[in-house]
Structures are given as structure tokens and as C-alpha cells.
Asker: 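Got a structure for you, written out below as C-alpha cells; questions coming shortly.
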Amino acid sequence: MSRRLLSRPADQIAPRLLGSVLTVVCEDSPVSVRITEVEAYGGVGEDPGSHAFRGRTPRNATMFGPPGLLYVYFTYGMHWCANVVTGPEGKAGAVLLRAGEVIEGVDLARERRTSAKSDRDLARGPARLTKALGLDGSADGVDLFGDDTTTFRLAPRPIAPAIVSSRTGVGGAGAQTPWRFALDDPTVSPYRPAARA
DNA sequence: TCGCTGATCATCT
DNA sequence: GATGATCAGCGAA
């Protein structure tokens, strides 16, 4: 994965992130997650479901930055969600990390996710994934290809998506675009509206 | 396993 | 003042 590769629309990047491994190191303790489910979000006026739909605001400013940034936002009063910023700088786009499998630092992930009934639940869901990795608002805007690659790392491990679906509620040209991609994996979050590819 | 509900607050209208 | 890219806990089947 490179910054140049990420400089394309989110719906093109999303499937290529499947299988990639995101590592976050906190106090010398790494937690790595193999990404199993993602969702693409478009730019201004493109995708009504996207934070960027109505233009740039202080919150979504990171989405307008260079590809390869981490966009972390707070929602529902209690949850953090993480995205990888895509598209050329200045044109908003992001890929939401919806689910993953913890493949390194399982013990630490368990400590952070005490409510998880089994290891497969550690990062099964967008907010669970950020919690397992120890991500919060302080990680917003972090550059995955910047100087601090010892703390944040994205390693490519391309796997073809097994499940592809278009998001409902997206009209116009967007209705033709597949936005959601997943592997056929037990850690994929329960909601599967998809026709299988 | 499914469906419902409460929690809780930053952001935008 | 309403809403949301959600989760966990509960009861029912």
C-alpha cells in the first residue's frame, strides 16, 4: 500500500484494503488487526451518507487531507470509528474500517474489550475495532505514511472480496456503486445485506 | 439467533 | 433541538 495507490476514489480503494493489517503500537505493545470488512464514503455532493456530503466542516477536515491519513471521529456519544482517507488531496473520500480479526496483541485487545464474549468479537464492528486497537480522537489526522510508522502501520495483504454490496439509501449514480466489501470471515459484523460475489 | 431499547454527546440545522 | 457510518444487555423463540 502506498500513498499514491490510495489517491483514488474510496470505492476503488475499499476492496484493496481487505486483508491488510493495521498495527497500532501503544507503550511498546502492538495490536494488529487484519481487516475483514470495509465501507467506502464519497466526497462533497456524491454520497448522502458521507460526512463530507455537505462540504468541509471542522470535524470532517481530515477527509479532505492527503490520502493515507487516519480519520477518527466520535459518534453516538460514546463510540469512535476509524477511516483511511483516500482520493487526491482536497477531494474528500474515506474507507470506514468496519471489522477485523485481531492477529497480534490479543491479550491487550481483550483487556480493552472486556465485554467481548469471544476473540472473534474483539474487533467485530467499527467501534469495537477502534477500541481493540486503542484508537480515539487523538489519532485523528495521523499519517499512516508519515514519520511515525513505528506507532501506526498499514501493511498490504490483498485478498479479493467475497462479499460486495451497494449501500441502500444512496440515490442517483451512487446507487450503481458498490460501497461495502467484506471477506467471508467469522469476524465480519453480523449485518450482511449483501449478495455474495 | 433475533429484535428491541437505553446509553450519551459532538456536530450541524 | 434533533440526530447519528453504534454497542451491549435483555427477553423471546
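As a basis for the values below, the full set of heavy atoms in this structure was taken, side chains included, without hydrogen atoms, waters or symmetry mates. Chain naming here is simple, since letters A, B, ... match the order of the sequence lines and numbering starts at 1 in each.
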Asker: When you get a sec, tell me which of C/dC7, B/dA7, C/dG4 is the closest nucleotide to the side chain of A/Met78?
Answerer: B/dA7
Asker: Tell me whether A/Tyr41 and C/dA5 count as stacked here, given that the ring centres must be under 5.5 Å apart and the planes must differ by less than 30 degrees.
Answerer: yes
Asker: Would you mind reading off the distance between A/Met63 atom CE and C/dA5 atom P, rounded to a whole angstrom?
Answerer: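 These atoms are roughly 11 Å apart.
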Asker: Can you say whether the rings of A/His51 and A/Tyr71 are parallel (under 30°), tilted (30 to 60°) or perpendicular (over 60°)?
Answerer: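 Aromatic pair A/His51/A/Tyr71 classed perpendicular.
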Asker: Would you mind telling me which of A/Thr23, A/Val21, A/Val24, A/Leu144 makes a side-chain contact (heavy atoms from CB on, under 4.5 Å) with A/Arg153?
Answerer: A/Thr23
Asker: Does C/dA5 have its OP1 or OP2 closer than 4.0 Å to a side-chain nitrogen or oxygen of A/Thr75?
Answerer: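 Negative; the distance criterion is not met.
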Asker: Determine whether a donor-acceptor pair (one donor, one acceptor, N or O, separation below 3.5 Å) exists between the side chain of A/Tyr73 and the base of C/dA5.
Answerer: yes
Asker: Surrounding CZ of A/Arg16 (heavy atoms of other residues, nucleotides or ligands, distance under 6.0 Å), is the total greater than 12?
Answerer: no
Asker: Grab the NE2-P distance between A/His79 and B/dT8 for me, whole Å please.
Answerer: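 Interatomic distance, NE2 of A/His79 to P of B/dT8: 11 Å.
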Asker: Looking at A/Arg98, I'd like to know whether one of its side-chain N or O atoms comes within less than 4.0 Å of OP1 or OP2 on C/dT6.
Answerer: yes
Asker: A/Thr187 and A/Glu101: side chain to side chain donor-acceptor pair (under 3.5 Å), yes or no, with the steps?
Answerer: CA-CA 6 Å; A/Thr187 60; A/Glu101 173 193 8; 5.5 Å; no
Asker: OP1 or OP2 of C/dA5 versus the side-chain N and O atoms of A/Arg180: is any pair under 4.0 Å?
Answerer: no
Asker: Taking the minimum atom-to-atom distance to the side chain of A/Ser115, which one of C/dA8, C/dA5, B/dC12 wins?
Answerer: C/dA8
Asker: When the distance from CD of A/Glu39 to C1' of C/dT6 is rounded to whole Å, what number comes out?
Answerer: 13 Å
Asker: Evaluate whether atom CZ of A/Arg112 has more than 12 neighbouring non-hydrogen atoms of other residues, nucleotides or ligands under 6.0 angstrom away.
Answerer: yes
Asker: Take the protein atom OH of A/Tyr76 and the nucleotide atom C1' of B/dT8, then report the distance between them rounded to whole Å.
Answerer: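 To the nearest whole Å, that distance equals 12 Å.
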Asker: A/Thr57 side chain N/O closer than 4.0 Å to the phosphate oxygens (OP1, OP2) of B/dC12?
Answerer: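 The answer is yes; a side-chain N or O of A/Thr57 sits under 4.0 Å from OP1 or OP2.
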Asker: From C-beta outward on A/Ala127, which listed nucleotide comes closest to its side chain: B/dC12, C/dA8, C/dT6?
Answerer: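 Output: C/dT6.
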Asker: Answer yes or no as to whether B/dA10 has its base stacked against A/Phe74, where stacking requires a ring-centre separation under 5.5 angstrom and planes under 30 degrees apart.
Answerer: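 By the stated criterion, A/Phe74 and B/dA10 do not stack.
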Asker: Side chain of A/Leu96, heavy atoms from C-beta onward: which of C/dG4, B/dT8, C/dA5 has the nearest atom to it?
Answerer: C/dA5
Asker: Whole angstroms only, please: what is the OH-P distance between A/Tyr71 and B/dA10?
Answerer: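 Roughly 15 Å, once rounded to whole Å.
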Asker: Can you tell me the base-pairing partner of B/dT8? Count Watson-Crick or G-U wobble geometry only, both distances below 3.5 Å, and say none if there is no partner.
Answerer: none
Asker: Starting at NE2 of A/His51 and ending at P of C/dA5, how long is that distance when rounded to a whole Å?
Answerer: 5 Å
Asker: In sequence, state the C-alpha distance, the side-chain angles, and the governing distance for A/Asn60 and A/Phe53, and then conclude on side-chain contact (heavy atoms from CB on, under 4.5 Å).
Answerer: CA-CA 10 Å; A/Asn60 65 26; A/Phe53 183 63; over 6 Å; no
Asker: Tell me: CZ of A/Phe181 to C1' of C/dA5, nearest whole Å?
Answerer: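 These atoms are roughly 15 Å apart.
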Asker: Separation of A/Leu97 atom CG from C/dA5 atom C1', in whole Å?
Answerer: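 My rounded result for the distance is 12 Å.
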Asker: Given C/dC7, B/dT13, C/dA5, identify the nucleotide with an atom nearest to the side chain of A/Arg54.
Answerer: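 Nearest to the side chain of A/Arg54 among the choices is B/dT13.
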Asker: Check whether any side-chain nitrogen or oxygen of A/Arg113 sits under 4.0 Å from OP1 or OP2 of C/dC7, and answer yes or no.
Answerer: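 No.
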Asker: Choose from B/dC12, C/dA8, C/dT6 the nucleotide whose nearest atom is closest to any side-chain atom of A/Arg59.
Answerer: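 Ranking B/dC12, C/dA8, C/dT6 by closest atom to the A/Arg59 side chain puts B/dC12 first.
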